[in-house]
Amino acid sequence: MTTGTAATRVLGVLAIITTAWVVVSAFFLTPADVVQGDSVRIMYAHVPTAWIAYLAFVTTAVASGFSLVRKHRTLGFDRVAGASAEVGVLFMAMTLITGSLWGRITWGTFWQWDPRLTTTLFLFVTYVGYLAIRRVDVDPVRRARRSSVIALLAVLEIPLVHFSVVLWRSLHQEASVLNTDGDVRLDGLMLFTLFSGVVAFTLMFVWLVMHRQRLTALSDLERVVGLDAAISARRAEGVSGIHAT
Amino acid sequence: MASDTAKAGSDAAILLSGVVVALGGFPALAGVDLAVRSGELVALRGANGTGKSTLLRLCAGLTPLTRGSARVLGVDVATQRDTVRSLVGLLGHDNGLYSDLTARENVQFVAHLVGAGTSDVDAALDRLGVDARVAATRAGALSAGQRRRTALASLVVRRAQLWLLDEPHAGLDSAARSELDGILREATRSGATVVYTTHESDALGATVPRTITLTSGVVARDVMEHSR
Amino acid sequence: MASDTAKAGSDAAILLSGVVVALGGFPALAGVDLAVRSGELVALRGANGTGKSTLLRLCAGLTPLTRGSARVLGVDVATQRDTVRSLVGLLGHDNGLYSDLTARENVQFVAHLVGAGTSDVDAALDRLGVDARVAATRAGALSAGQRRRTALASLVVRRAQLWLLDEPHAGLDSAARSELDGILREATRSGATVVYTTHESDALGATVPRTITLTSGVVARDVMEHSR
Amino acid sequence: MNTVLAIARKDLTIEWRTRTLLARVVPFALLVLVLFAVALDSEPLILRAAAGLVWLAMLFATMLLVQRSFDLETADSALDALLGFVSSSSKVFFGKALSLFVQLFSLAVVLVCAAVVLYGARVEGGGVVLLVTVLLTATVGLALVGTLYGVVVANMNGRDSLLPLLALPVLAPLLIGATRATEAAFGSDTIDVSNGWAWAALLAVYAVVFGSAGAAAFAPLAQGDS
Amino acid sequence: MNTVLAIARKDLTIEWRTRTLLARVVPFALLVLVLFAVALDSEPLILRAAAGLVWLAMLFATMLLVQRSFDLETADSALDALLGFVSSSSKVFFGKALSLFVQLFSLAVVLVCAAVVLYGARVEGGGVVLLVTVLLTATVGLALVGTLYGVVVANMNGRDSLLPLLALPVLAPLLIGATRATEAAFGSDTIDVSNGWAWAALLAVYAVVFGSAGAAAFAPLAQGDS
Ligand code: HEM
Ligand SMILES: Nc1ncnc2c1ncn2[C@@H]1O[C@H](COP(=O)(O)OP(=O)(O)OP(=O)(O)O)[C@@H](O)[C@H]1O
Ligand SMILES: Nc1ncnc2c1ncn2[C@@H]1O[C@H](COP(=O)(O)OP(=O)(O)OP(=O)(O)O)[C@@H](O)[C@H]1O
Ligand SMILES: [Mg+2]
Ligand SMILES: [Mg+2]
């Protein structure tokens with residue numbers, strides 16, 4: 001059995017094509033930055049991954065909301081929520097990795113205690129915790145409820161990350177040491193490449209979530225089939241028990 | 001094999017049909033059909049691991065339903081578990097006591113929440129033979145039987161419409177057993193429904209009105225005594 | 001009241017005289033004199049809270065002695081509790097299982113520590129009716145009776161010289177009860193001493209060689225069957 | 001309301017009887033403050049960090065108190081029964097949060113006094129009112145979040161380690177807010193009192209958000225546990 | 001010896017099955033590192049305190065792991081039986097300490113790497129050997145002290161809060177020693193590598209002292225529990 005369909009195959013191909021374009025453009029077509037030199041090329045991976053991670057976590061929250069409200073398709077929505085969170089954690093990890101590599105090149109250290117970086121890390125850990133709760137082996141409906149509540153609370157951290165620069169430092173008088181948005185000026189091609197990156201990663205996100213979701217659906221199905229077999233086995237046992245007494 | 005599960009209707013305290021409960025992928029209940037009328041006293045029997053506790057926990061709204069339909073006191077267990085919980089009194093394998101409160105404080109706490117008075121607490125403790133010294137001892141320090149008695153006293157104070165008791169006799173001495181016998185019969189007389197599990201042949205006197213036997217997650221026998 | 005506690009001697013498995021055990025200021029045992037010979041099978045009875053569990057825990061070296069003297073298998077319980085522990089197999093109200101290991105792994109662990117082999121493990125599990133599926137399930141997910149059976153299998157693997165069992169029948173179905181009956185009788189036949197508590201009148205077949213009844217922390221009756 | 005109070009009173013009775021807070025959590029939190037000082041090993045540095053360290057110690061203490069609060073309920077499956085006795089599960093939520101608040105607030109007062117003594121923090125004038133407000137709003141927030149995540153992990157195997165993992169990231173904004181506002185109250189030179197009030201207001205919003213979230217989410221969460 | 005290994009293997013099997021360390025304690029400890037940085041809120045300060053913060057996080061993580069390790073034993077009174085199976089209770093002590101050591105050492109490696117990434121700590125040359133030695137000796141000490149106090153509070157009501165209270169003061173010297181030695185390995189300017197080795201030697205002495213104390217005291221302690 002595969003988890004692919006015509007739709008996912010088209011998506012996959014599109015994702016590969018756009019990604020290839022982003023790579024070519026990022027490395028060869030766009031200019032190096034005046035201040036940062038070639039390292040600015042990391043941006044084309046760094047920024048889109050962050051945004052796609054947001055997208056993934058929002059998707060998780062929305063699916064979780066439906067899973068809580070709907071009485072019947074609880075588990076279907078829960079699967080989407082779980083798959084999306086997994087992919088989101090993956091993307092957020094890539095944001096952290098590309099960011100700290102970039103930091104290593106531009107600031108000379110992997111990490112700085114900047115509000116955005118710190119809150120990003122919290123966001124990441126929150127969803128690692130979310131996945132940990134999902135791993136706990138309990139009844140699926142029960143698990144869906146618990147993790148939905150957590151997902152709905154966790155998504156509130158995204159505005160915190162986004163506005164952390166304003167929120168946290170503005171109350172401090174000093175200007176921020178690291179100005180995440182100030183020192184990169186984007187020309188037309190750079191912007192286009194950046195948004196191509198967003199498109200490419202969005203496609204990749206959708207593709208991954210669909211596969212992941214189907215995979216869990218399949219294994220759930222397998223469990224149902226397994227349960228059917230187990231039920232008939234147990235019933236057979238029961239019947240023979242009756243004859244024995 | 002006198003099977004008699006067909007009687008449904010509005011006065012059914014428990015109404016299960018095709019109930020499957022899977023725990024960790026294992027069908028602890030593998031298709032149970034069962035109807036218990038209001039005011040019945042039912043003994044649930046069966047070998048170890050046949051699903052008795054699972055059945056009780058399902059009816060108390062503590063375990064989710066995997067397949068089939070289950071109504072308890074007219075309420076759907078799958079969708080309204082909160083309501084089910086508030087109607088049912090369950091005594092599980094655990095006693096549900098706070099070990100740092102005294103036996104009396106434990107019962108008192110329950111009484112307060114369900115709106116019963118102090119006299120009810122005293123009556124219940126007295127009835128279950130929890131004397132003043134024991135009542136004033138922290139629950140964590142009590143003997144196994146004394147803890148079980150205290151939990152039963154809470155249940156008496158509770159006055160639930162449906163009593164579900166999982167091996168209520170375990171740990172009780174013979175005096176407490178016969179007292180429990182009386183309590184359960186009284187409860188049914190005043191309209192409550194009682195389902196309890198047991199492994200002992202002579203647990204509740206000689207005549208239990210109805211005995212249901214589980215085998216491997218299904219109902220294997222359902223026997224009524226002719227008269228009550 | 002046929003008291004018969006005077007028989008002391010070197011072959012005494014348990015020898016208590018004037019034993020007082022105070023728990024939180026309360027004399028759970030209030031002066032117990034008792035002698036159990038090696039190879040005896042003794043049932044300990046009494047109402048709830050009369051000190052049965054306390055007596056067993058004392059003999060297992062788990063509860064300190066307040067007054068009097070107590071020797072178990074010739075070892076002084078007050079001073080050499082570590083030695084006592086290693087000679088005695090106790091099954092308390094708790095089962096002593098690791099809930100994240102499977103039933104089989106639990107028994108296997110005990111077997112490894114006491115130097116028993118894999119075949120012993122299989123034999124013990126088989127004897128207690130723990131089938132392959134149950135043996136491969138984590139202990140935390142088992143039913144009450146399955147847990148009790150697993151704990152008993154550990155005890156069988158253990159082959160202690162003195163077996164102390166606190167309500168071993170609780171939670172067991174009738175098949176397991178009669179198996180337990182056989183196990184205990186076999187153990188005494190091979191020279192071990194067995195003391196168990198129970199509240200059930202017919203727990204271990206009809207004839208138990210000796211029944212000791214406690215009342216309020218003292219021995220009230222000590223009855224021997226004439227022949228074994 | 002009566003139910004909420006009864007549940008809180010039950011928890012506080014147990015607390016009073018076992019003296020968990022007084023005999024164990026308070027000394028633990030004080031110890032954490034001392035250990036920070038040891039780990040940092042520099043006077044001016046410690047003074048600068050005083051507010052942050054107080055709230056960090058509060059966070060750890062909250063984890064302990066929440067665990068204790070739910071261990072009481074799950075040790076003998078009392079929570080299963082408790083949820084059947086009340087007309088709405090949110091009463092259980094507020095009852096447990098209330099008792100947690102009372103304990104946390106007392107602890108916070110002790111820790112602030114300790115910071116004054118140990119770290120040489122100073123509070124004067126308008127700072128006092130701000131400080132009290134911050135202590136109130138922040139401990140309310142801690143109690144609500146703690147209770148909410150406490151019930152999420154209640155009955156779970158290995159919940160001791162799961163609780164901090166889930167709750168601490170969510171509490172991070174509270175840590176930051178409370179720290180900044182307390183710094184202001186301690187008369188720091190990097191933040192003034194009016195800014196401190198802004199943070200206190202944010203803390204209040206935080207508490208309200210989690211209060212409503214907790215009340216709404218408690219039922220499905222508590223329903224689900226075994 | 002065989003018994004010691006069997007007990008350690010049992011604990012590690014359970015750990016592997018429940019993934020407590022990997023899925024919960026490691027993230028928790030990393031979170032603690034981050035929270036410290038947030039509470040301190042100043043780059044140079046964080047760098048200066050890096051070594052101390054790593055070991056403080058280790059201390060808190062030790063509390064969690066010890067609690068977990070003894071919860072396993074006491075949840076269903078398994079410890080009572082376990083002590084009867086072994087010829088000498090000190091084997092239980094060393095078995096549980098061994099499994100704790102394995103877990104703590106892995107955690108320490110992760111945390112040091114995190115300090116390099118997050119706090120900008122640097123290790124080079126002779127520092128590496130010193131660092132590994134410190135990690136080994138200090139985690140051995142943590143494991144031994146943790147196990148010893150774990151059994152003291154095992155079976156006690158409210159042990160979650162009692163354990164840190166008892167163990168942390170005893171661990172304070174270890175915290176100081178490990179911090180100083182790690183600072184030396186991180187190339188601090190207040191302490192040089194040879195001094196670091198002196199501290200490492202002290203840590204080894206500490207471990208030996210608690211190893212013998214634990215082996216001797218375990219029997220009466222374990223006996224005493226109810
Ligand atoms: C580990 C280190 C880093 C992390 C965790 C990180 C995280 C993030 C996140 C979460 C965003 C999305 C913000 C939003 O739109 O809400 C972002 C955006 C961005 N980051 Fe980073 N970042 C890191 C390092 C860096 C470095 C070193 C630079 C450049 C010197 C940089 C430049 C940018 C830029 C230009 C944006 C997009 C503009 C913006 O929305 O502010 N980042 N980063
Ligand atoms: N997670 C799980 N994985 C596999 N099997 C499970 C799991 N949880 C429960 N079971 C099985 O489901 C059944 C549950 O039975 P239940 O506890 O209802 O039995 P019972 O009739 O009450 O038995 P007892 O008389 O021993 O109390 C047991 O056979 C148990 O082994
Ligand atoms: N800390 C304490 N304070 C007061 N009384 C205590 C304390 N600990 C134990 N007790 C009392 O000591 C007695 C202990 O009895 P034990 O557990 O040995 O009874 P048992 O014969 O095993 O009873 P059961 O049949 O109920 O298991 C009980 O009456 C109990 O109330
Ligand atoms: Mg059962
Ligand atoms: Mg007893």
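Protein chains get the first letters and strands the later ones, always in sequence-line order, with residue 1 at the start of each.
- Counting heavy-atom pairs closer than 4.5 Å to chain E, the top residue among C:V114, C:L155, C:L97, C:N106 is C:L97.
- Here E:Y149 pairs with nothing under the ring-ring contact (aromatic ring centres under 6.0 Å, His included) rule; sequence neighbours left out.
- Partners of C:V75 by side-chain contact (heavy atoms from CB on, under 4.5 Å), not counting sequence neighbours, listed by chain and number: C:Q80, C:T83, C:V84, C:L87.
- Judged by a 6.0 Å distance limit and a 45° cone about the ring axis, E:K96 is not positioned over the six-membered ring of E:F101.
- Looking at C:S53 and C:D166, their side chains do bring a donor and an acceptor atom within 3.5 Å of each other.
- Residues passing the side-chain contact (heavy atoms from CB on, under 4.5 Å) test with E:A81, sequence neighbours excluded: E:F85.
- Residues of residues 117-133 of chain C never come within less than 4.5 angstrom of chain E, heavy atom to heavy atom.
- Donor-acceptor pairing under 3.5 Å is recorded for the side chains of C:Y98 and E:E73.
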Practice task
Please report the C-alpha distance between E:I14 and E:W16 in whole Å, then the side-chain angles of each, then the deciding distance to 0.1 Å, and finally whether the side-chain contact (heavy atoms from CB on, under 4.5 Å) criterion is met.
Solution key: CA-CA 5 Å; E:I14 294 177; E:W16 177 245; over 6 Å; no
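- Neither the backbone nor the side chain of C:L90 comes within less than 4.5 Å of any heavy atom in chain E.
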